[in-house]
Amino acid sequence: MTLKTTFHIIALVGLLFFSTSCSNTSYEEGDSKLSYLRTDLADATTDSQGRLSAATTDDGVSLTFTRPMQTSWSNAADSLCRVLLNYNMYANGADSNVVEPLAAKIVYTLQPAKPSVQTQAATDPVSLVSAWKSKNGNYVNLRLGLKTGKASGDDQRQSIGLALDSTVTSDGSTTYCLRFLHSQGGVPEYYTTDAYVSIPIKQMTTGSKVRLSLNTYNGWVTREFTR
């Protein structure tokens, strides 16, 4: 981001650092290079130099990059990161699994944690653009609109997190009740910026439910997904 704002996890509850269905964009008319651009949420891997080198999309497609791609944030070597990936599908002729990476935006992965002091976990409002379960069943994804603006000091930082408020078992099915946490952190609310968030659900038992509540500018909303 060019604005002087950063997003941090709410360390208070011990969470990790911080996406209707996701629209996959592809242009099929014509034969130019721009005819095969696509955008997908994906799990990407980095090479020994911290560059993105391959990815697996939420549709389960494994992609090999024609060249490693360096980003300002993917600096951990030999690691896995969550991204919103833009790429050219047919960079290597007809083999659509060998792709040219064009851009990658970080997707914040939140692990639910039970807050030690819930009253300290801020739930400042956000805009919920969309929420969906990934096709491979590994994630619940959120696309959010966060209000932002030029901060006047380094201590003004937004934070996001995820609280596990309760686990309810009924008729052999488990429901995980989650609450999205957000602290505006004194950041001005002049503009709206997109942020993508993924909640891992792969380890949950098949048939269990995720009930997610979050505070929006139109009030509290709840979305429920089945693993």
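- Rounding to the nearest 0.5 Å places CG of Leu162 at 9.0 Å from CG of Asp165.
- Linking ILVMFWY side-chain heavy atoms closer than 4.5 Å, directly or via other members, places Leu128 and Trp220 in two distinct hydrophobic clusters.
- Phe180 is connected to Val221 through a chain of hydrophobic side-chain contacts under 4.5 Å among Ile, Leu, Val, Met, Phe, Trp and Tyr, so both are in one cluster.
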Show your reasoning for whether side-chain contact (heavy atoms from CB on, under 4.5 Å) applies to Arg223 and Val140. CA-CA 10 Å; Arg223 297 289 185 269; Val140 167; over 6 Å; no

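- Atom CZ of Arg227 is separated from atom OG1 of Thr175 by 15.0 Å, given to the nearest 0.5 angstrom.
- In this view, Arg51 and Asp47 satisfy the side chain to side chain donor-acceptor pair (under 3.5 Å) rule, not counting sequence neighbours.
- When every heavy atom of Pro200 is checked against every heavy atom of Gln111, the shortest pair comes out as CG-NE2, 3.6 Å.
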Might you work through the side-chain contact (heavy atoms from CB on, under 4.5 Å) test for Tyr87 and Thr66, ending with a clear yes or no? CA-CA 10 Å; Tyr87 59 97; Thr66 55; over 6 Å; no

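- Distance alone, capped at 3.5 Å, places no donor-acceptor pair between the Arg67 side chain and the Glu100 backbone.
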Between Ser134 and Ile201, is the side-chain contact (heavy atoms from CB on, under 4.5 Å) condition met? List the steps. CA-CA 10 Å; Ser134 63; Ile201 61 173; over 6 Å; no

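- Rounded to the nearest 0.5 Å, atoms OG1 (Thr39) and NZ (Lys105) are 11.0 Å apart.
- Ile199 is not connected to Tyr139 by any chain of hydrophobic side-chain contacts under 4.5 Å among Ile, Leu, Val, Met, Phe, Trp and Tyr, and they are in different clusters.
- Counting heavy atoms from C-beta on, the side chains of Cys81 and Leu52 come closer than 4.5 Å.
- Side chain of His182 to backbone of Asp124: a donor-acceptor contact under 3.5 angstrom is found.
- Cluster membership for Val168 and Tyr176, using ILVMFWY side-chain heavy atoms within less than 4.5 angstrom, is not shared.
- Note: the hydrophobic cluster containing Leu80 does not contain Leu84 (ILVMFWY, side chain heavy atoms under 4.5 Å, direct or indirect links).
- Between Asp58 and Lys133 there is no salt bridge, since none of the side-chain N atoms of the basic residue sits less than 4.0 Å from a carboxylate O of the acidic one.
- In the model, Thr57 has no side-chain atom that pairs as donor or acceptor with a side-chain atom of Asp59 under 3.5 Å.
- Interatomic distance, Leu85 CG to Arg38 CZ, rounded to the nearest 0.5 Å: 10.5 Å.
- Scanning both residues, Ala55 and Ala42, for their nearest heavy atoms gives CB-CB, 4.1 Å.
- Nearest heavy-atom pair, Trp132 versus Arg143, reported as atom, atom and distance to 0.1 Å: CZ3-N, 4.1 Å.
- Here the CG atom belonging to Asn97 is positioned 9.5 Å from the OH atom belonging to Tyr90, to the nearest 0.5 angstrom.
- In this view, Ser127 and Tyr217 satisfy the side-chain contact (heavy atoms from CB on, under 4.5 Å) rule, not counting sequence neighbours.
- Partners of Thr226 by side-chain contact (heavy atoms from CB on, under 4.5 Å), not counting sequence neighbours, listed by chain and number: Lys209.
- Between atom CG of residue Leu146 and atom OG1 of residue Thr148 there is a gap of 8.0 Å, rounded to the nearest 0.5 Å.
- Here the closest heavy-atom approach between residue Ala76 and residue Thr46 is recorded as O-OG1, 2.7 Å.
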Show your working on side-chain contact (heavy atoms from CB on, under 4.5 Å) between Leu144 and Leu214 and close with a plain yes or no. CA-CA 11 Å; Leu144 304 173; Leu214 67 166; 4.1 Å; yes

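- Considering all non-hydrogen atoms of both residues, Ser173 and Ser208 come closest at OG-CA, 4.3 Å.
- Closest heavy-atom contact between Thr222 and Ser213: OG1-OG, 3.2 Å.
- When atom types are taken as modelled, the side chain of Ser166 and the backbone of Cys177 share no donor-acceptor pair closer than 3.5 angstrom.
- Side-chain atoms of Gln184 come within 3.5 Å of backbone atoms of Lys147 as a donor-acceptor pair (strictly under, hydrogens ignored).
- Between the side chains of Arg82 and Thr109, not a single donor N or O lies within less than 3.5 Å of an accepting N or O.
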